[in-house]
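Below is one structure; the comments refer to it alone.
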Amino acid sequence: MEPKMNIPDKFLKPYNPAETESRVYAMWEDSGFFHPETCIEKGATAEDAKPFTIMMPPPNVTGVLHMGHAMMLTVQDIMIRHKRMRGYRTLWLPGTDHAAIATQSKVEKEILKKEKRSRHDLGREELLKRVQNFAKESHDTIVSQIKVMGASCDWNREAFTLDDKRNLAVNTMFKKMYDDGLIYRGNKVINWDPKGQTTIADDEIVNVERDAVLYTFKYSHDFPIAISTTRPETKVGDTAVAVHPSDERYKEYVGKEYSFTFCDVPVTVKIIADESVEKDFGTGALGVTPAHSMTDWEIAERHNLPVKQVINEYAKMTVGTEELLGKKTADAREVVAKWLREKGLMISEENIKQNVPTAERTEGIIEPLPKLQWFVNVNKPIPSRGGKTLKEIMREPLQNGKIKMVPEYFNKTYFNWIDNLRDWCISRQIWYGHRIPVWYKGEEIFVGEQPPKLVSENASADKNQINHDHSGGAFSDTNLGGTWTQDEDTLDTWFSSGMWTFSALGWPEQTEDLKIYHPTDVLETGYEIIFFWVARMVMMSGYAIGEIPFHTVYFNGTVRDGQGRKMSKSLGNGIDPLDIAKEFGADAGRMALVMGTAAGTDSKISVDKIKGYKHFANKLWNITRFILGYAPEDLVEKPEIVERDSVLLSKFEEVAKEITDELDKYNFHLAAEKIYHYLWSHFADIIIEESKEVFKSGSQTEMRSRAYTLFKILSESLKVLHPFMPFVTEEIWTTIHPNENPLLVQRWPIK
RNA sequence: GAACGAUUAGCUCAGUUGGUAGAGCGUUCCCUUGACGUGGGAAAGGCCACAGGUUCGAAUCCUGUAUCGUUCACCA
């Protein structure tokens, strides 16, 4: 048999992903098959097909796509494409996250650098305008990048965590929780970020190890007990000294009260006994500073101690004589230490390593301060949920297996976190975000989905999705002659993120989408946000609609560089997925991300690895070229299949079955490896090699049988490979099957 | 301090109910003028961290140790 001469020109050259990929993506978009309803209309999906839903973890609108995004997009797209081809009614809903603090502080930094102006110079309205413009631009960039990766998501349903619909959802949720007594306003010690001028949640803190000095001293010569601290400046705010109840050394002093002047500040401390004190640390006595330490605050609550604030929002001292007053805490520390030495009160100074809590975004050193903030109570029984607490709502579905984590061992981490969970501080003193839907007028408080009456027309003036304006503050209520003023604060960004699975489907409206697609099937995300996000989604969904948000959580690992380091700007070791797509093709990048990457395990990626999969795409290209040379386009009828070929065909069946099993078990790395090996080491190296001999000297029957077999295996292999390398497989498919639907919606070879 | 991982070829990693160790990359040698040099064939290279235990049999299960990593809590 002579090779035919009808091979399309493009196959005479090496595969060119740069030329192909954007064209193929545009074809997919035009086809409408990313949209599950179109799939049904066009008959690609059965009307009664089972739904399969993934909500895309919305990337922050703070910048550009990085390898972590590329990883999540790849894994999700693999699942989505596989399920779509298996016949499911498949929805992948994309979106972006406003990422309140991250976005605002990024814009603030820019403005400060370029214009030397702070947010207070600009004012709320102007700053929000700037942030919104930035968010809009950033959003557009990210969306185009998601497309470059080949993500087959339904753009018609795209959502933003700060658009009008999500704002309504957030406000509705806030009111519901407030009415149920789950949201309360309280004066408690919170984590204050003096640099960002806002509260932050426990899990937004990063502990940084630094050198510190552990000072041991007495408050005064008359005071019987020595204490140790790394922060002597806070000791002017002490209201007690706590010792362990069983500590014989100090038993006689418990219950006594002492007054003295400490560094020119009058101080009164009561000696108390509390279980939380370690007998063996330092002197075994703890100076209790309720206003400036989370644990001390808790001790103070147990013993009803007075709270004395001595440090303000700018981390400066608010008490003392001019030596101390107005000093930054670090300087005040020296002042107090010097005073102690001079007075002969200092007993020892020891250099130690200490973990200093800092704010993740601004790197400001956290100053615990008592402030009036909004909290979510995680321990209050909720009547409408059978008396369960939010903690229980978070715990139960994982415990009874309604939600499965892949890998499973993350369950333990999850439970461990819930056990130590405190009430969630949800108010933030920043401007970009969902403004707290609470209005004040004198003593009156109004909490609602909408502002108090007469205000609603004002607030809804701006309909732009992204440029949603929450700047309206005070409104005159002419009927009553008073003024409603909205709470200045915004909500923690995770409050809206936690609602993502159902808010993006239209809640609080009872939409069709909500009915069909919720609970969603798989949440695919990085394990680093298991607490921030995964737990909050379980909580919010369980509370608001009594449903789990998803059945399965799949954790991908962190993508690291060739040396195992985290990719970061400062190290300059980041690999930009867009550069990769341009140079090697998104297909190659996707394969490199998936290969050798088990769930929850960090992976390393290098240019060499990616290059290898570009070669693979080209290999497939050339396999096609060879087969097209003997293409059985004229073989409309299936020819007689010889023994050898039916063995080959059933071998393929076997491999396809194995790959399908691996996909169903979330072993994407194994599935990818199997199709890769099949195509390269078996199909190309064995089957095609022996085919040369068949076409040279086989019988007419053998030739026809083999031509059919090659074409058949190629076509079916394209399907199996498609979830991993969608572009090159689609490009080949549409070439060899010009009259059929795109590969995107072809039926998977295994049922 | 606690929880949870990891430890397999020079490098990156697979190894899913316990049955004689696998892949890619790299290295070395050879081959190939019609699918592809982005190719093909072959070779070298592992006491599966260590020590015990269970078993006919352990990389795999159990116990302990060491090292690395991640997360949480922090000591004031």
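In what follows, chains are A, B, ... by sequence order, proteins preceding strands, each numbered from 1. Any value given below was found using the heavy atoms of this structure, including those in side chains, with hydrogens, waters and symmetry copies removed.
- Closest to the side chain of A:T601, out of B:rA14, B:rA35, B:rC4, is B:rA14.
- Donor-acceptor pairing under 3.5 Å, judged by distance alone, is present between the side chain of A:E689 and the base of B:rA35.
- Here A:F652 and A:Y678 bring their ring centres to under 6.0 angstrom of each other.
- Under the 30°/60° scheme for interplanar angles, the aromatic rings of A:F262 and A:Y219 are found to stand perpendicular.
- Ring planes of A:Y676 and A:Y613: perpendicular class, angle over 60° (limits at 30 and 60°).
- Taking the C1' atoms as reference points, B:rG64 lies 25 Å from B:rC72, given to the whole Å.
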Query raised in the report: Under a cut-off of 3.5 Å for both distances of each Watson-Crick or G-U pair, what dot-bracket string does RNA chain B give, using [ ] for crossing pairs and | for inter-strand pairs?
Result: (((((((..((((.....[..)))).(((((.......))))).....(((((..]....))))))))))))....

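- Contact between the side-chain N/O atoms of A:W680 and the OP1/OP2 oxygens of B:rA23 is not found at any separation under 4.0 Å.
- Separation of the C1' atoms belonging to B:rG15 and B:rU60 is 9 Å when rounded to the nearest angstrom.
- Dashed line: the shortest gap from a side-chain N or O of A:H615 to OP1 or OP2 of B:rG39 is under 4.0 Å.
- Residues from residues 291-308 of chain A lying near RNA chain B, meaning a heavy-atom separation below 4.0 Å, are A:T295 in numerical order.
- The aromatic rings of A:Y253 and A:Y250 sit tilted relative to each other, their planes meeting at an angle between 30° and 60°.
- Counting atom types as modelled, A:K619 pairs a side-chain N or O with a base atom of B:rC36 as donor and acceptor under 3.5 Å.
- Across the C1' atoms, B:rU17 and B:rC61 are found 11 Å apart, a figure rounded to whole Å.
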